[in-house]
Amino acid sequence: MARHLVTSALPYINGIKHLGNMVGSMLPADVYSRYLRQRGHDVLYICATDEHGTPAELAAKAAGTSVAEFCAQAHDAQKAVYDGFELAFDHFGRSSSHQNVEITQHFARKLWENGFIEERAISQVYSPVDGRFLPDRYVEGTCPHCGYDKARGDQCENCTRVLDPTDLLEPRSAISGSTELEIRETKHLFLLQSRLQHEVEAWVARHEADWPQLSSSIARKWLTEGLHDRAITRDLDWGVPVPADTWPELAAEGKVFYVWFDAPIEYIGATKEWADAAPDGETRDWKSWWYEADDTVRYTQFMAKDNVPFHTVMFPATELGVREPWKKVDVVKGFNWLTYYGGKFSTSQKRGIFTDAALETLPADYWRYFLIANAPESDDSSFTWEHFAATVNKDLADTLGNFVNRVLSFSRKRFGDEVPAGATVDEAEARLGDEIARLLTEYEEHMDTLQYRKAAAALRALWSAGNSYLEEKAPWLEIKTNPDGAALTLRTAMNLIHLYAIVSEPLIPTSAAAMRGAFALESDTATWVTPGEAKSLTTIQPGTPFTVPPVLFAKITDEDLESYRERFGGSDA
């Protein structure tokens with residue numbers, strides 16, 4: 001089977017992420033990775049915390065700790081949340097790792113050797129009050145494009161335009177708040193993206209047919225506007241240091257690489273971390289995933305739209321410029337925004353539901369299913385508690401959970417704790433098998449093409465098919481006149497439960513495990529069900545012991561909704 005490399009945008013180290021971050025990168029990457037593994041592919045899902053840059057330094061200062069200690073603690077805190085969401089990373093690394101330092105410095109040296117980096121004297125903001133040059137994110141002010149008054153010196157959070165600190169109106173120091181800023185000359189390294197424009201255009205042209213329109217349109221917009229040479233070093237105490245063997249003067253000044261230069265390289269660095277962390281007796285070849293791997297690896301990347309330009313244009317320019325055969329992304333799955341009652345989720349403004357609070361409120365599967373079923377693919381989508389409750393109650397509690405409970409409870413009550421035998425398969429079961437095979441094919445097609453809302457709709461239709469069959473056969477009536485027929489109906493429905501457990505696992509892994517564990521099979525090694533296999537619905541044989549699992553999904557009541565709105569805010573009124 002194919003080898004699939006999967007990465008999701010690196011969550012920034014500064015704070016626990018909100019649901020918008022989750023659905024825009026890590027969760028869809030996890031769902032896809034789980035699906036591919038089930039289909040028998042060799043999968044490597046890599047992610048890491050993005051630990052360099054100004055916000056980490058500012059957060060550490062506010063916490064009264066060193067940046068290294070702050071990042072270590074924050075990494076562990078984020079990883080605990082992702083474990084709670086059951087994100088099945090093969091490795092969740094750190095961009096501050098020595099592996100990333102080594103590979104980032106290697107890339108920089110190669111770009112320098114190939115004439116794509118040059119040293120330039122530039123004018124930079126200097127704060128006499130702070131006694132230092134201010135990197136881009138240390139400068140705040142008003143965006144000249146949209147008027148947002150909390151824009152940073154690298155990018156406006158409101159309109160997503162990339163900025164330089166000198167672009168800001170009414171600039172101020174993010175450290176002291178001082179507006180007594182000066183412009184002084186200093187030296188930095190620049191990546192000469194303008195010299196790589198045509199190569200990037202040709203590369204995008206070869207790959208964009210496999211990208212969603214959102215990703216390709218963003219890349220094309222950047223290319224149309226033209227690639228500009230950009231500084232890739234900053235005056236910070238924390239980051240990948242400029243190597244002294246190549247740039248001794250800049251290294252002596254303490255320059256580090258800009259976070260947007262080293263962060264994408266951490267995908268490679270984290271893969272090396274994974275290889276270096278192999279247990280005794282196991283060998284992991286990280287280079288086979290990244291170096292001279294174009295014909296052997298399919299690379300899919302997941303991210304929200306604000307990250308798309310860096311991964312469709314800027315990082316490919318870096319990879320092209322090193323003139324080495326590093327693997328470049330095949331598919332960039334970009335997402336729009338998930339909003340909270342129509343307003344943006346915001347880490348800095350503490351608006352919306354954050355992932356740790358989500359897990360404290362309800363189990364992970366509730367969130368996983370809702371987010372995938374309402375993924376912001378073609379447009380922004382809005383989270384409201386009312387929509388969330390309606391989705392959980394209708395799809396999870398009523399359609400799936402109730403089906404599982406009533407089938408197993410009724411069968412145990414009438415036939416005991418083993419799967420009944422009953423009559424031979426009839427027309428209703430044949431029709432059901434054909435319908436399940438059709439819907440499963442549709443589900444696979446949508447998963448293969450990364451169309452998450454359509455995939456969730458196909459999965460929901462699979463669950464609904466079981467309910468329609470149960471209503472048609474009505475075993476609670478059938479048992480009065482045809483006990484063998486009722487037994488067949490229940491045995492068929494139990495096979496549906498087992499099938500649902502397997503194919504639902506990418507979206508709701510905990511609930512899928514509970515459904516699968518209801519049956520005491522001697523051997524249950526199936527990782528997927530093909531449409532052909534689905535037609536027969538005979539995996540669960542008569543005489544198989546079973547148990548009735550606890551309620552899979554509790555309904556969200558009006559009282560629950562009131563308490564959630566009171567805690568998190570938001571109303572449709």
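- Side chains of Y341 and R565: a donor-acceptor N/O pair is absent below 3.5 angstrom, by distance only.
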List the atom pairs, with distances to 0.1 Å, where a side-chain N or O of residues 293-300 and a protein N or O form a donor-acceptor pair under 3.5 Å, not counting sequence neighbours.
residue, atom, partner, partner atom, Å
T296, OG1, A293, O, 3.4
Y299, OH, T7, OG1, 2.9
Y299, OH, Q301, NE2, 2.6

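- For the pair R3 and S288, the minimum side-chain heavy-atom distance is below 4.5 Å.
- Across all non-hydrogen atoms, the minimal contact from S8 to Y267 is O-CE2, 3.5 Å.
- Ion pairing of E444 with R39 is present here, as a side-chain N (NZ or NE/NH1/NH2) and a carboxylate O approach within less than 4.0 Å.
- In this structure, W337 has no ring pair (Phe, Tyr, Trp, His ring centres under 6.0 Å) partners at least two apart in sequence or on a different chain.
- Salt bridge status for E377 with K333: present, with a side-chain N to carboxylate O gap under 4.0 Å.
- For the residue pair S504 / W463, a side-chain donor-acceptor distance below 3.5 Å is found, with atom types taken as modelled.
- Neither side chain, T355 nor Y82, offers a donor N or O lying under 3.5 Å from an acceptor on the other.
- Considering only heavy atoms from C-beta on, D448 comes within 4.5 Å of Y35 through its side chain.
- The minimum heavy-atom distance between S217 and L214, with the atom names listed, is OG-O, 3.0 Å.
- The residues E429 and K473 are annotated as salt-bridged, a charged nitrogen and a carboxylate oxygen being separated by less than 4.0 angstrom.
- The OH atom of Y45 sits 11.5 Å away from atom CG of L5, with the distance rounded to the nearest 0.5 Å.
- No salt bridge links R438 with D434; every basic N to acidic carboxylate O contact stays at or beyond 4.0 Å.
- Closest non-hydrogen pair, T391 versus N374, comes out as OG1-ND2, 4.2 Å.
- Separation of the W367 and F370 ring centroids does not fall under the 6.0 Å cut-off.
- With 3.5 Å as the limit, one finds no donor-acceptor pair spanning the side chains of T49 and Q78.
- Atom CD of E282 is surrounded by more than 12 heavy atoms from other residues, nucleotides or ligands within 6.0 Å.
- Counting only heavy atoms from C-beta outward, the side chains of F410 and I479 approach each other to under 4.5 Å.
- Using a cutoff of 4.0 Å between basic side-chain nitrogens and carboxylate oxygens, E505 and R516 are not scored as salt-bridged.
- How far CD of E208 is from CD1 of I218: 12.5 Å, rounded to the nearest 0.5 Å.
- Between R414 and E478, no side-chain nitrogen of the basic residue sits less than 4.0 Å from a carboxylate oxygen of the acidic one, so the salt-bridge criterion is not met.
- S381 and R453 are not linked by any side-chain donor-acceptor pair at a separation below 3.5 angstrom, with hydrogens and angles left out of the test.
- A donor-acceptor pair shorter than 3.5 Å cannot be found between the side chains of S464 and N467.
- Taking 4.5 Å as the limit, some side-chain heavy atom of L400 sits within range of a side-chain heavy atom of I508.
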Could you walk me through whether Y340 and F568 pass ring pair (Phe, Tyr, Trp, His ring centres under 6.0 Å), step by step?
-> CA-CA 10 Å; Y340 186 71; F568 296 101; 7.7 Å; no
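- Inter-residue side-chain proximity for I353 and Y564 is flagged as unmet; no heavy-atom pair is nearer than 4.5 Å.
- Annotation: K305, atom NZ; neighbour count of heavy atoms from other residues, nucleotides and ligands within 6.0 Å is above 12.
- For the pair K535/I436, no side-chain contact is recorded, criterion being any heavy-atom separation below 4.5 Å from C-beta on.
- F553 places none of its side-chain heavy atoms less than 4.5 Å from the side chain of D395.
- Smallest separation of non-hydrogen atoms from P483 and F415: O-CZ, 3.7 Å.
- Applying side chain to side chain contact (heavy atoms under 4.5 Å, CB included) to W289 and the options I268, I46, D42 leaves one that passes, D42.
- In this structure, S97 and E266 approach most closely via the heavy-atom pair OG-OE1, 3.9 Å.
- Aromatic ring centroids of H18 and F383 lie 6.0 Å or more apart.
- For E427, the CD atom is loosely surrounded, since the number of other residues' heavy atoms within 6.0 Å does not exceed 12.
- Within a 6.0 Å radius of CD in E562, other residues, nucleotides and ligands contribute 12 heavy atoms or fewer.
- Side-chain atoms of W528 and L440, non-hydrogen and from C-beta on, do get closer than 4.5 Å to each other.
- Between H75 and F92, the distance from one ring center to the other falls under 6.0 angstrom.
- Atom CD of Q73 sits in a crowded spot, with more than 12 heavy atoms from other residues, nucleotides or ligands closer than 6.0 Å.
- For the pair D398 and K555, the salt-bridge criterion is met [side-chain N within less than 4.0 Å of a carboxylate O].
- Q99 and W286 share no side-chain donor-acceptor pair at under 3.5 Å.
- Under a 3.5 Å cut-off, the side chain of T399 and the backbone N or O of K394 do form a donor-acceptor pair.
- Residues L507 and A456 approach most closely at CD2-CB, 4.3 Å, considering heavy atoms.
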